[in-house]
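This report refers to the structure that appears directly beneath it.
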Amino acid sequence: MKNRTIWNTGTILVAIFSIAITGCMQTETIEIEREMEGPEYTHAVAILQPTEGFEASGTVYFTKVEEGVNVTAEITGLSEGNKGFHIHQYGDCTAANGTSAGGHFNPDEMDHAGPDDAMRHMGDMGNIVADADGNATIDYVDGTININMILGRGVIVHNGEDDLTSQPSGAAGPRVACGVIGVAAATE
Ligand code: CU
Ligand code: ZN
């Protein structure tokens, strides 16, 4: 059982990790307090463009909901299969191969993992699954992403599967699409 509690008000960044082992059940509680100033953004969007030699493109939306952030995306031009899907540190898609976006966005200095893990990179959105026609969609609620913190950073889609285990980035292969996360209009 894993819990993650984040307070978006208060003082300096404090991270508390506690692990309690009761019998055979392990409980992990992660408490993260963040300093937030200014408006809280609730909607963000990234337009993904293909990197050199690939055809992948699409749109990713981030929408604040009660339980976290609803991530939805539609991507086309992929090869069939699971494709690593991450927020990277920089909103810089200038390099032809997308490496200018840096590594996974990881403000809490954790290891690479999957979207359902309590201890993970904030950017770890796992995989997006492309069908035989190369089309992929995703729609899930992420309990870790903070919209204010991902603005101006990058979204990367990879050519291979994120194994959710390999460090530092899941061994997902080349970057096939890159986009920058921007503020979007609030929609009802
Ligand atoms: Cu990535
Ligand atoms: Zn990661």
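Every number for a ligand or one of its atoms is a count from 1 in the order of the listing.
Arg120 places no side-chain N or O within 3.5 Å of a backbone atom of Asp116 that could act as its donor or acceptor partner. Gln167 places a side-chain N or O within donor-acceptor distance of the main-chain N or O of His112, the cut-off being under 3.5 Å. In terms of modelled atom types and a separation under 3.5 Å, the side chain of Asn70 and the main chain of Tyr140 share a donor-acceptor contact. Of the possible donor and acceptor atoms, one in the side chain of Asn127 sits under 3.5 Å from a partner among the backbone N and O of Asp162. The backbone N or O of Arg175 lies less than 3.5 Å from a partner atom in the side chain of Thr51, making a donor-acceptor pair. Judged by distance alone, the side chain of Asp108 and the main-chain N or O of Met110 form no donor-acceptor pair under 3.5 Å.
Protein-derived N/O/S atoms nearer than 2.8 Å to the Zn ion (ligand 2) total 4, waters excluded.
Between His86 and His158, the side chains place a donor N or O and an acceptor N or O closer than 3.5 Å (distance only, hydrogens not considered). Side-chain atoms of Asp92 and Thr94 form a donor-acceptor pair, as typed in the model, at a separation below 3.5 Å.
Annotation for Tyr90: atom OH does not count as buried by contact number, only 12 or fewer foreign heavy atoms lying within 6.0 Å.
Listed by chain and residue number, the protein N/O/S atoms under 2.8 Å of the Cu ion (ligand 1) are His86 ND1, His88 NE2, His158 NE2, with waters left out.
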